[in-house]
Amino acid sequence: QVQLVESGGGSVETGGSLSLSCAGSGSTFSDYNVGWYRQAQGKEREFVAAVNWNGYGTEYADSVQGRFYIWRSTAKNTVYLQMNSLNAEDTAVYYCAGDLNWGRIVARPKVYMGLEVWGQGTQVTVSS
């Protein structure tokens, strides 16, 4: 059974960077498409970025294009989200999720909440 655990969140100044990790466990993790999503206080969860099961396909929300980068390490069973040039709009709880269906992972504008497996979330706070 696949499980996901996020780490790397914290507080950062405007313009700074953070790297988030989504560590997967289970023998079938490498078969899963993985996405990053965020939910600001009082708002709906939104899509941030995704990487497909083989690591060669990626998609990004317009709001993070050119600032955030997603990649995965097969050897470490981990998906990473490098976040640069952070601003207050990036403040949110960040979640990773996995699903065998790519279309569900990258669904926009409304996140498909029935994705097969979700991590617990990690808080990212950007201050001026």
Hey, any chance [X] and [Y] share a hydrophobic cluster, counting ILVMFWY side chains that come within less than 4.5 Å of each other, even indirectly?
{"X": "Leu100", "Y": "Val111", "result": "no"}
{"X": "Met83", "Y": "Phe47", "result": "no"}
{"X": "Ile70", "Y": "Ile105", "result": "no"}
{"X": "Val117", "Y": "Tyr112", "result": "no"}
{"X": "Tyr32", "Y": "Leu115", "result": "no"}

Please list every donor-acceptor pair under 3.5 Å in which a side-chain atom of residues 121-128 meets a protein atom from a residue at least two apart or in another chain.
| residue | atom | partner | partner atom | Å |
| --- | --- | --- | --- | --- |
| Thr122 | OG1 | Gly9 | N | 3.2 |
| Gln123 | NE2 | Ala92 | O | 3.4 |
| Gln123 | NE2 | Thr125 | OG1 | 3.3 |

How many angstroms lie between atom CD of Gln41 and atom NZ of Lys43, to the nearest 0.5 angstrom?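 If we round to the nearest 0.5 Å, Gln41:CD and Lys43:NZ are 11.0 Å apart.
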Can you pull the salt bridge (Lys or Arg N to Asp or Glu O under 4.0 Å) pairs that have at least one residue in residues 111-128, sequence neighbours excluded?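 Listed by first then second residue: nothing to list.
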Pairs satisfying salt bridge (Lys or Arg N to Asp or Glu O under 4.0 Å), at least one member in residues 17-29, at least two apart: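 Of all non-adjacent pairs touching residues 17-29, none passes salt bridge (Lys or Arg N to Asp or Glu O under 4.0 Å).
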Output every pair passing side-chain hydrogen bond (donor to acceptor under 3.5 Å, both in side chains) with a member in residues 95-109, not counting sequence neighbours, ordered by first then second residue.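 Of all non-adjacent pairs touching residues 95-109, those that pass side-chain hydrogen bond (donor to acceptor under 3.5 Å, both in side chains) are Glu59-Arg108.
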Side chain to side chain, [X] and [Y], heavy atoms closer than 4.5 Å:
{"X": "Leu81", "Y": "Phe68", "result": "yes"}
{"X": "Leu4", "Y": "Trp118", "result": "no"}
{"X": "Gln39", "Y": "Glu46", "result": "no"}

Which atom pair, heavy atoms only, marks the closest approach of Tyr60 to Tyr69?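 Of all heavy-atom pairs spanning Tyr60 and Tyr69, the closest is OH-CA, 3.3 Å.
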Measure from the side-chain N and O atoms of Arg72 to the backbone N and O of Asn52, and report whether any donor-acceptor pair falls under 3.5 Å. yes
Taking Ser63 for the side chain and Ala61 for the main chain, is one N or O donor matched with an acceptor at less than 3.5 Å? no
All ring pair (Phe, Tyr, Trp, His ring centres under 6.0 Å) counterparts of Trp53, not counting sequence neighbours: none
Looking at residues at least two apart in the chain, or sitting in another chain, which of them share a ring pair (Phe, Tyr, Trp, His ring centres under 6.0 Å) with Tyr80?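 Applying ring pair (Phe, Tyr, Trp, His ring centres under 6.0 Å) to Tyr80 gives Trp71.
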Using the test side chain to side chain donor-acceptor pair (under 3.5 Å), find all partners of Asp90 that sit at least two apart in sequence or belong to another chain.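 Once residues adjacent in sequence are excluded, the partners of Asp90 under the side chain to side chain donor-acceptor pair (under 3.5 Å) criterion are Arg38, Arg67.
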Using residues 17-31 as the side-chain source, report each donor-acceptor pair under 3.5 Å to any protein atom, sequence neighbours left out, with the distance given to one decimal.
| residue | atom | partner | partner atom | Å |
| --- | --- | --- | --- | --- |
| Ser17 | OG | Asn84 | OD1 | 2.9 |

Quick one: disulfide (SG to SG under 2.5 Å) pairs with a partner in residues 98-128, sequence neighbours left out?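 For residues 98-128, and leaving out neighbouring residues, there are no disulfide (SG to SG under 2.5 Å) pairs at all.
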